[in-house]
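Whatever order the structure lists them in is the order used to number ligands and atoms, beginning at 1.
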Amino acid sequence: MSRPVLARIDLAALHHNLRVARRHAGGSRLLAVVKANAYGHGIARIAETLAAAGVDAFGVAGIEEALAIRDAGVRQPIVLLEGCFSPAEHAELVPHRLEPVIHALYQVEAFLDHPPEAPVPVWLKLDTGMHRLGLDPEAFARARELLAGHPAVSALRVLSHLCCADEPERPETERQLARFEACTQGLGMERSLANSAALVRYPAARYEWVRPGILLYGGSPLAGVSASALELRPVMTLETRIIAIRDLAPGEAVGYGAHWRATRPSRIGVAAIGYGDGYPRHAPEATPVLVDGERVPLVGRVSMDMITLDLTHHPRARLGDRVVLWGEGLPVEEVAQQAGTLNYELLCGVASRVHVRYESDSDTRLEQDELPQAG
Ligand SMILES: *Cc1c(COP(=O)(O)O)cnc(C)c1O
């Protein structure tokens, strides 16, 4: 018996979303972004599955994530999207087949002062308008001079990141596309620009490599567009169980701060999940939750380990019922919008104490046997 909070990971949905990504990618190679523990889905198993499905490379935020993928047996190249954080990391590039991004001239100097012992592919990051990481066009030209043909560089590639591709008709995106094209055309470098949003919305941004993240996990990358409209399927379903049911009289309150008060006789269900599991503490009253497949509203404040639900209009609800917080039947985007955040943050924020179960087409559903049944 264990606490019934579970992140169910549907690997068939991951395969499906990968097919959607490939369809949008045309002939471009696919660099699957698996940073932040594969957006909360578990980096080892996700990378292993994507690698077996033939993605061309992986993108991570740091070397620890890269090594986790290598330990899982993945052979594809791995790109360090923020580059190396110290010259000591250059020694890890060759043995682990890692490809650094270089986003600033100080990283060029560090690379030249402490080159890896054999040539590696290097990605120059060009700032086309996001103004977070990246070389401006002048520094980009300088970095190319220093690194093109250098014995420690086997290939010099270029990437840039878009700031507004998730929103329609933002002039920034067209401007970034134009700047990227102007700075890189005719250089003979392999290029990469598209994140998930651009992959779906801007075919001109495909170039040689596309870099989808959220789309692979079945999250919508586009503001105001549902995942299902993009034919994506949720990979994660976060679920738990009802562990208590109680009746409140009018005037009685529930939870911290006695925040929500019954105005009529009310039936309240307590579900074992809270912000300590990654459910957003700021989810307001009426945020939808599925109990036994039916939508019910959240009431009262989200606690660390529990939430309270109004079951008054769901008389069939019973102790031990399955509760879905997001995933199959309840898009994570809807919960994120209620809580004033993004699907990205909710998925990444699933806590390490949450059990993770990987399921593929052939797996039988075992939850009735494996999870504690209250009542
Ligand atoms: C995170 C990241 C991506 C993936 O972004 P999504 O919006 O999840 O598709 C692509 N490129 C870079 C450089 C990133 O940091």
Quiz item: Are any of the side-chain nitrogens in Arg191 or Glu181 under 4.0 Å away from the carboxylate oxygens of its partner?
Solution: yes

Quiz prompt | Any donor-acceptor N/O pair, Gln76 side chain to Val55 backbone, under 3.5 Å | solution = yes

Quiz item: Quick one: do Glu172 and Arg175 make a salt bridge, cutoff under 4.0 Å?
Solution: no

Quiz item: Salt bridge or not for Arg29 and Glu190, using N-O below 4.0 Å?
Solution: yes

Exercise. Considering only NZ, NE, NH1 and NH2 on the basic side and carboxylate oxygens on the acidic side, decide whether Glu65 and Lys35 come within less than 4.0 Å.
Key: no

Quiz item: With distance as the sole criterion, is a donor-acceptor pair present between the side chains of Ser266 and Arg264 under 3.5 Å?
Solution: yes

Under a 3.5 Å threshold, I'd like every N/O contact between ligand 1 and protein atoms, with atom names and distance.
{"residue": "ligand 1", "atom": "7 (O)", "partner": "Tyr344", "partner atom": "OH", "Å": "2.6"}
{"residue": "ligand 1", "atom": "8 (O)", "partner": "Tyr39", "partner atom": "OH", "Å": "2.5"}
{"residue": "ligand 1", "atom": "8 (O)", "partner": "Ile214", "partner atom": "N", "Å": "2.8"}
{"residue": "ligand 1", "atom": "9 (O)", "partner": "Ser196", "partner atom": "N", "Å": "2.8"}
{"residue": "ligand 1", "atom": "9 (O)", "partner": "Ser196", "partner atom": "OG", "Å": "2.5"}
{"residue": "ligand 1", "atom": "9 (O)", "partner": "Gly213", "partner atom": "N", "Å": "2.9"}
{"residue": "ligand 1", "atom": "11 (N)", "partner": "Arg211", "partner atom": "NE", "Å": "2.9"}
{"residue": "ligand 1", "atom": "11 (N)", "partner": "Arg211", "partner atom": "NH2", "Å": "3.4"}
{"residue": "ligand 1", "atom": "15 (O)", "partner": "Lys35", "partner atom": "NZ", "Å": "2.6"}

